[in-house]
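Counting from 1, the numbers follow the sequence of the chain as shown.
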Amino acid sequence: MPKKINFYTISFEDFNGKIVPDSIADFMHSITSLMDNNIEDVKKEISKRKIRCFSIVDDYKSLNQFVLPFGKLKNNNSYREDDTSKKLSIVDYDIYDVNLLYYDQQQNIMFLTQDKNGPSFKQIEMYLNQFVDKSDRKRISINPVYKTDDIEKIKQAKRISKMILKFDFSRSTSEFINRRINAMDTRNSLSKSLRNTISGVRDADTQNLTIQ
């Protein structure tokens, strides 16, 4: 599993680039439901490579968060050990290089794991658009979220006069933050103070926290 991920925005837009407020989550679920009738319906050829999605991993349906694997079919032969573990035999079934797409509809953000052999975000965008009805005059658009130059300027600064930390405790992120708080190593004073502060805000049932 690749350790690197990149963040993206994903949305429907019309042919003039204007956002269309249709549900990405419903669209993704409708694609995977095609597998109930015929697996071949989700296999497409994109840039001369066979690409498909797999079943959605969805533990938070009420929050519209899910993970959707996308695979690119390996072109060369793959091998496995035989029963004696002394010889190799050719694998006689399809093998895919996979990238995992995570989507959070509440925050309207997605991220994608970065296995260079798996499908890229552009290939996934082209794949998804194969399922969009052209008569609807809209398309799926996936755009990378780039970091700004500000962080590079901060790294080069001779001194830092102020630091602002902002936390979002909305439903889609609170469970993630709480797990990290509980696992936090509080042997140094900064981590201990941060954990105590965030825990206090969590107990107060507030949505946001800004530390300056």
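Checked by atom type and distance alone, the side chain of Asn143 never pairs as donor or acceptor with a backbone atom of Thr9 at under 3.5 Å. Although no hydrogens or angles enter the test, the distance criterion places a donor-acceptor pair under 3.5 Å between the side chain of Glu125 and the main chain of Ile142. Side chain of Tyr127 to main chain of Cys53: a donor-acceptor pair is present (N/O by atom type, distance under 3.5 Å, no hydrogens or angles).
In this structure, the salt bridge (charged side-chain N to carboxylate O under 4.0 Å, His left out) partners of Glu40, at least two apart in sequence or on a different chain, are Lys43. Considering only residues two or more places apart in sequence or on other chains, Phe7 meets the side-chain contact (heavy atoms from CB on, under 4.5 Å) condition with Ile5, Ile109, Phe111, Val145. Residues that satisfy the side-chain contact (heavy atoms from CB on, under 4.5 Å) test with Phe54, not counting sequence neighbours, are Arg52, Pro69, Tyr96. For Asp14, the side chain to side chain donor-acceptor pair (under 3.5 Å) criterion is met by no residue, not counting sequence neighbours. Residues satisfying the side-chain contact (heavy atoms from CB on, under 4.5 Å) criterion with Ser23, sequence neighbours excluded, are Ala25, Asp26, Gln105. Applying the side-chain contact (heavy atoms from CB on, under 4.5 Å) rule to Val67 yields the partners Val57, Leu100, Tyr102; only residues at least two apart in sequence or on another chain are considered. Annotation: salt bridge (charged side-chain N to carboxylate O under 4.0 Å, His left out) contacts of Asp97 (sequence neighbours excluded): Lys74. In this structure, Asp41 has no side chain to side chain donor-acceptor pair (under 3.5 Å) partners at least two apart in sequence or on a different chain.
Tyr79 and Leu73 fall into different hydrophobic clusters, where Ile, Leu, Val, Met, Phe, Trp and Tyr are joined by side-chain heavy atoms under 4.5 Å apart, directly or via other members.
Through direct or indirect side-chain contacts shorter than 4.5 Å among Ile, Leu, Val, Met, Phe, Trp and Tyr, Ile19 is connected to no other residue. Annotation for Phe15: hydrophobic cluster partners, listed by chain and number, are none (ILVMFWY side-chain heavy atoms under 4.5 Å, direct or chained).
Put simply, CG on Leu101 and CE on Met28 are 5.0 Å apart, with the number rounded to the nearest 0.5 Å.
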Sequence neighbours left out, cut at 3.5 Å: what donor-acceptor pairs do the side chains of residues 130-140 make with other protein atoms?
{"unit_1": "Asp133", "atom_1": "OD1", "unit_2": "Ser135", "atom_2": "N", "d": "2.9"}
{"unit_1": "Asp133", "atom_1": "OD1", "unit_2": "Ser135", "atom_2": "OG", "d": "2.7"}
{"unit_1": "Asp133", "atom_1": "OD2", "unit_2": "Ser135", "atom_2": "OG", "d": "3.2"}
{"unit_1": "Lys134", "atom_1": "NZ", "unit_2": "Asn129", "atom_2": "O", "d": "3.4"}
{"unit_1": "Lys138", "atom_1": "NZ", "unit_2": "Asp22", "atom_2": "OD2", "d": "2.5"}

